[in-house]
Protein chains: 2
Amino acid sequence: MKKKIVRIKDIAERAQTSKGTVDRVLHNRGRVADDVRERILAIIKELNYEPNLIAQSLKSQRAFNLAALIPDPNLDSYWEAPHNGLEKAEKELRQYGVRITKFIFNSHSDTSFIAKAKEVGREHPDGLLIAPIFYKEALPFFKEWAEMGIPYVLFNTQIEHVNPLCYIGQDSYRSGSLAAKILRFGLHSPGTVLVAHVNEDISNSAHLITKEEGFRDYFKSEQLEDTFKVISKEINFPDEEGPDKQLDELRKQYPDLSAIYVTNSKAFEVAAYLEKNALKDIKLIGYDLIGRNQQYLNKGIIDFLINQNPLGQGYWGIHQLANHLIFKKEIPAIKFLPLDIITKENLDYYLDPQ
Amino acid sequence: MKKKIVRIKDIAERAQTSKGTVDRVLHNRGRVADDVRERILAIIKELNYEPNLIAQSLKSQRAFNLAALIPDPNLDSYWEAPHNGLEKAEKELRQYGVRITKFIFNSHSDTSFIAKAKEVGREHPDGLLIAPIFYKEALPFFKEWAEMGIPYVLFNTQIEHVNPLCYIGQDSYRSGSLAAKILRFGLHSPGTVLVAHVNEDISNSAHLITKEEGFRDYFKSEQLEDTFKVISKEINFPDEEGPDKQLDELRKQYPDLSAIYVTNSKAFEVAAYLEKNALKDIKLIGYDLIGRNQQYLNKGIIDFLINQNPLGQGYWGIHQLANHLIFKKEIPAIKFLPLDIITKENLDYYLDPQ
DNA sequence: TTTTAATGCGTGCTCGAACACTTTTTTAAA
DNA sequence: TTTAAAAAAGTGTTCGAGCACGCATTAAAA
């Protein structure tokens, strides 16, 4: 059962024509008589022709300039991983002519985002990967890029009512449910459970709200509302301070506080507080494998982390663009990455170097 | 900062020689004067030449016949996933001339294994992927294949004192520790914890022993030996029966049995027992996302599953062979796959279709 | 009828690496 | 010094797809 690889030449021979004609049919370049086209199309189907991607990309040799609009990793180390993912993908795809230009903005400054987004437009890239953490500010650009015919892939933050090639990231709702499930597994006696949004502008972060929904709904659907009281709180503090004051107060108000779910990568702030106050019995779960979270995970103060796989987000984002632009594959509108559960014991396997 | 892609021709020009000579140097085909070779080598290093894999494989057009020696998925559905992984890898690598021939043996019959292993030798494949579940029976073949110069990759079962290109699978010890960690998180009051080896010939399965070690050592290292008593038991029963009798007896002996760790993919057997006897408070953790385990996971009877990623094992196994044979990459001797923790809430993301 | 344009179709070069084959140079033997 | 053999270096074809170019036929315009 040898599968012969079908070439354009084979099709041409069978259709008693030349490879040039077959090529014109394949690429809809016109200038082919209808009957010949039909015949060729039939043969292509019959022989199940698939273009040889290797020969294709050897020939075409064209450069694909991709742009990545992404926050500065020096200001928030969470963004290091997507950068690495980008680079990993670029390495793999360089053979196919892929080049990535990074446009790095300050994740705390919408004006810097806007400036960089404008730059992207001027560069006319063939495709764009973007972490749209500034929702409102990004909207007009989506329109602009669509008009320019630049396909863009969103990652990290899901946004409704725009038309990206694809969104890559987590299912925030499920992510919340998962966190709830794990904490609940570790909770014995009735108590209060806190959903903590740490240092985050909730109004502009729909996905954190969705996480909270998923979290709350888990307790509802499992009929645990009487056993566990779920409260939520935005915990904001300047850089020098910590969450101490606000958490002190919370504990006064809810002495039976037994678990905390931090909806972003700032679980280490809460962990530091728990450590300082020797609160060993409060379970803690958060997101992302940034260095400071890892420390507290290894100390056993953070019990679990959910990995949002930021490296994978960058990596797959670029790959989706390549699949679309180079390999002409169909792209699913949403690619949810797995919700990896991380503990001290399996942490290693999820750290960057593959 | 444009990176120009360096071609053989570029090297030849700079070395004032022809591409044929450069080619001979690159492939150690000899017939090149020493000084010229040195010069070319220096330039290759200087310009950081990397062969264009695309052009390379377009030209060479050589077929790589890989063999996979792997149990019949119809007899144990665990093996379906590796088969899928193989096929996925084959699809991706077909362009590069990779063809896989499967040699399927009966996982309950060492003679069938031996017969198929002999067949593999006769076929002289370019590379081999093997699940060496029959340790003793496999040993002489490893020697044979080594002599024939056939590189082989082991997966699923780690074996010492043979010299594979690579082992792909899990770190069994860590896997046990992880299971312990999770169960412990869900255990409140003191009790007995059971390590169950279900329907397995322990004497020939070193990795199950290793899992148990990892499990026990977790409780030791966390100084929980006084709180939790860890016992282990082989639970064997014919196909028609269930684990009922043996578990009944165990519960009589240890009335405070509060958690069970099943070291292979047979957690569903224990789950069926727990369901039948309405034992909601006994925590259960096991391995692998086979259908019947998934059912009990969704019912909440199995609390967690650890995914051994059998699909990934097949997939990466083939890829390692390809990396070695086609892309001439360095292969790590061991590739541990992540220890994925699975619950009802994140199950979807780990099921086959990517 | 002649000229021009439009359409249909085939030829041949290109991409980078591999390798067979040929040519040139060097070395050793006569 | 000539000649043959061996070593070194160069040339040209191939892989499959893409695409520019050009030739041939037919239709439309002059």
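Residue numbers start from 1 in every chain, and the chains themselves are labelled A, B, ... in the order their sequence lines are given, proteins ahead of strands.
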**Study point:** Spacing of B:Leu289 atom CG and B:Ser77 atom OG [to the nearest 0.5 Å]
**Key:** 11.0 Å
Review point. Contact class for A:Ser57 vs. all strands (heavy atom < 4.0 Å): base, sugar-phosphate, or nothing?
Key: nothing
Exercise for review: Please work out which of the three classes, parallel, tilted or perpendicular, describes the rings of B:Tyr315 and B:His319, given edges at 30° and 60°.
Suggested key: tilted
Exercise for review: Check side chain to side chain contact (heavy atoms under 4.5 Å, CB included) between B:Pro164 and all other residues, then give those that pass, not counting sequence neighbours.
Suggested key: B:Tyr152, B:Leu154, B:Val162
Practice item. Using a heavy-atom cut-off of under 4.0 Å over every strand shown, decide if B:Lys19 touches base, sugar-phosphate, or nothing. Key: base
Review point. Closest nucleotide of DNA chain D for A:Pro51 versus for B:Asp35: which of these residues is on the 5' side?
Key: B:Asp35
Practice item. Assign A:Asn52 to base, sugar-phosphate, or nothing according to its heavy-atom contacts below 4.0 angstrom with the strands shown. Key: sugar-phosphate
Exercise for review: Look at all strands and tell whether B:Ile8 reaches a base, only sugar-phosphate, or nothing, counting heavy atoms closer than 4.0 Å.
Suggested key: sugar-phosphate
Practice item. Have a look at B:Ser60 and say if it touches a base, only the backbone sugar-phosphate, or nothing, with a 4.0 Å heavy-atom cut-off. Key: nothing
Check your understanding: A:Arg31 near the nucleic acid: base, sugar-phosphate alone, or nothing, with a heavy-atom cut-off under 4.0 Å?
Key -> base
Check your understanding: OP1, OP2 of D:dG16 versus side-chain N and O of A:Tyr49: anything below 4.0 Å?
Key -> no
Review point. Under 4.0 Å: is that the gap between some side-chain N or O of B:Gln56 and OP1 or OP2 of C:dG16?
Key: no
Check your understanding: Distance check: side-chain N/O of B:Thr21 vs OP1/OP2 of D:dG10, anything under 4.0 Å?
Key -> yes
Point to revise | Any B:Ile11 side-chain heavy atom under 4.5 Å of B:Ile44 side chain | key: yes
Practice item. Indicate whether OP1 or OP2 belonging to D:dC19 is found under 4.0 Å from a side-chain N or O atom of A:Arg29. Key: yes
Exercise for review: Would you please confirm or rule out a distance under 4.0 Å between OP1 or OP2 of D:dC19 and any side-chain N or O of A:His27?
Suggested key: no
